[in-house]
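Accompanying notes for the structure given below.
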Amino acid sequence: MSFEIEKIHAREILDSRGNPTVEVDVYTCCGFGRAAVPSGASTGTHEALELRDGGDRYDGKGVLKAVKNVNEVIAPELLGMDASCQREIDDLMINMDGTANKANLGANSILGVSIAMAKAAAMSSGVPLYKYLGGVNTVTLPIPSFNVLNGGKHAGNELSIQEFMIQPTGAKTFSEGLRMAAETYHALGKILQGKYGVGATNVGYEGGYAPPLIKTRDALDAIMSAFDVSGYGDEIKIGLDAAASSFYMEGGYSVDGNRLSPGELIDYYVDLVNTYPIILLEDPFEEEAYDDFARLTAKLPGTIIVGDDLYVTNIKRLEKGIKMCAGNALLLKLNQIGTVSEAFDAARMSFRSGWKVMASHRSAETEDSALADVAVALGCELLKTGAPARSERTAKYNQLLRIQEDLGEAARYACI
Ligand SMILES: C=C(OP(=O)(O)O)C(=O)O
Ligand SMILES: [Mg+2]
């Protein structure tokens, strides 16, 4: 069956940081798909290019050029094609752009079309997006990784570590895990207010609290106290996204007011993992430090070591990392690479190598919930999309609730 593309239309909308981003509508003979593109703050140098207008409008952050590229360059080429030919459509856009990092058309233009195309084809087929992308045996929901406390570039405090996440690994279902995490998030809010005063529950970009802390251990101790209050100390674990490129300079890392060499930073992480129930470390080193990733992975074989800025969802960088054992998990961000097909390639390369995949939002998000479907379609073990609060984050968690309901008895909860 063929679902002819009848119309493609892009517009500028606002993301959760109040900056413009691209939204794309795709119409077929018998379906419709709408996708909105997220945006990062602690972006990796090797990510595909997000096309911004420059100039005064929205402080130079407009995306009218990217919108125009969809409406005037991409759309005319794609009209009449079959929306379910995802790979062919993605390859055509990659070739039209002609650069390695999508600098001509912009990864934001291309990705908007790519995701909207998948949604339009799913609706045209009468199949939910997760099943359309994943097939009939798609039954596993990821363990959510909730960012409950924010630092680094995502918060106005002095914590070096960007994301303090909690994972309800001991829950039996996704919905149970969501409830446990939300209860713990509220307990954490009360603890922070009691200890650090009213402003301590202001939030960062991803909805996690951004208390006026400096030391990593103070943040971890507050989370441990929240476990005591919520009573889920056995069921919930901790993950950190250090986003270490943001506190790296001239060969050293600034953490907790100290300057550490890469070797000292390894010892620091080992000590944290031995003290707290930490099961995951993302971007523990800067974005070129393949060797240090490999050293830490060898030292902490039981810990999930995730590459985000290091791999930027790019199979060339990932291939090198897999050969070097530089980590054991990929962070999957669709806008780092710019098409659904290429993101699936990266996830599959990870799985084939015995690595895990954590699907991920960006720090500026929209109400688009496709990420939840993508995570289920691929069978990702983990999904991070911020705190269990704020609509641009709960859009994804709530979509997972709907998917769980849709699967009924067949639904499984990932295990790591
Ligand atoms: C989600 C992240 O942040 P950003 O979108 O700002 O890169 C991250 O670093 O994992
Ligand atoms: Mg990260």
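The first residue in the sequence is number 1, and the count goes up from there. Side chains are part of it too, since the values below use all heavy atoms of this structure and drop only hydrogens, waters and symmetry mates.
- When ring centroids are compared, Tyr397 and Phe146 come within the 6.0 Å threshold.
- Between the side chain of Asp256 and the main chain of Asn258, no donor-acceptor pair closer than 3.5 Å is present.
- A salt bridge links Asp292 with Arg295: the distance from a Lys NZ or Arg NE/NH1/NH2 to an Asp or Glu carboxylate oxygen falls below 4.0 Å.
- The number of heavy atoms from other shown groups lying within 6.0 Å of CG (Asn274) is above 12.
- Residues Met93 and Val113 are in side-chain contact: their nearest non-hydrogen atoms beyond the backbone lie under 4.5 Å apart.
- Taking a cutoff of 4.0 Å between a charged side-chain nitrogen and a carboxylate oxygen, Glu12 and Arg57 qualify as a salt bridge.
- Taking a cutoff of 4.0 Å between a charged side-chain nitrogen and a carboxylate oxygen, Glu163 and Lys384 qualify as a salt bridge.
- Salt bridge status for Asp271 with Arg217: present, with a side-chain N to carboxylate O gap under 4.0 Å.
- The residue from Lys396, His361, Lys119, Gln399 that alone fulfils the side-chain hydrogen bond (donor to acceptor under 3.5 Å, both in side chains) condition with Asp368 is Lys119.
- Contact check on Glu342 versus Lys102 returns a salt bridge, with a Lys/Arg side-chain nitrogen under 4.0 Å from an Asp/Glu carboxylate oxygen.
- Ring centroids of Tyr268 and Tyr253 are separated by 6.0 Å or more, keeping the two rings apart.
- Inter-residue side-chain proximity for Leu51 and Leu105 is flagged as unmet; no heavy-atom pair is nearer than 4.5 Å.
- The existence of a salt bridge linking Arg34 and Asp25 is confirmed by a sub-4.0 Å separation between a basic side-chain nitrogen and an acidic carboxylate oxygen.
- Between Arg362 and Glu392 there is no salt bridge, since no side-chain N of the basic residue sits under 4.0 Å from a carboxylate O of the acidic one.
- Formation of a donor-acceptor pair under 3.5 Å by the Arg17 side chain with backbone atoms of Ser39 is found in this model.
- Under the 3.5 Å distance criterion, with hydrogens and angles disregarded, a donor-acceptor pair is assigned to the side chains of Ser175 and Gln404.
- Between the side chains of Ser341 and Asp90, at least one donor-acceptor pair of N or O atoms lies under 3.5 Å.
- With 3.5 Å as the limit, one finds a donor-acceptor pair spanning the side chains of Glu287 and Thr45.
- At a threshold of 4.5 Å between non-hydrogen side-chain atoms, the residues Leu280 and Leu382 count as touching.
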Is there a salt bridge (Lys or Arg N to Asp or Glu O under 4.0 Å) between Arg52 and Glu50 once you walk through the steps? CA-CA 6 Å; Arg52 295 275 170 195; Glu50 181 186 75; 3.1 Å; yes
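- Rounded to the nearest 0.5 Å, atoms OG (Ser124) and OH (Tyr27) are 13.0 Å apart.
- With a 4.5 Å cut-off on side-chain heavy atoms, Ile279 and Ile416 count as touching.
- In this pair, Phe285 and Tyr269 present their aromatic rings perpendicular. The plane angle is above 60°, beyond the 30 to 60° band.
- Side-chain contact check for Ser16 and Glu365: no donor-acceptor pair (N or O, by modelled atom type) lies under 3.5 Å.
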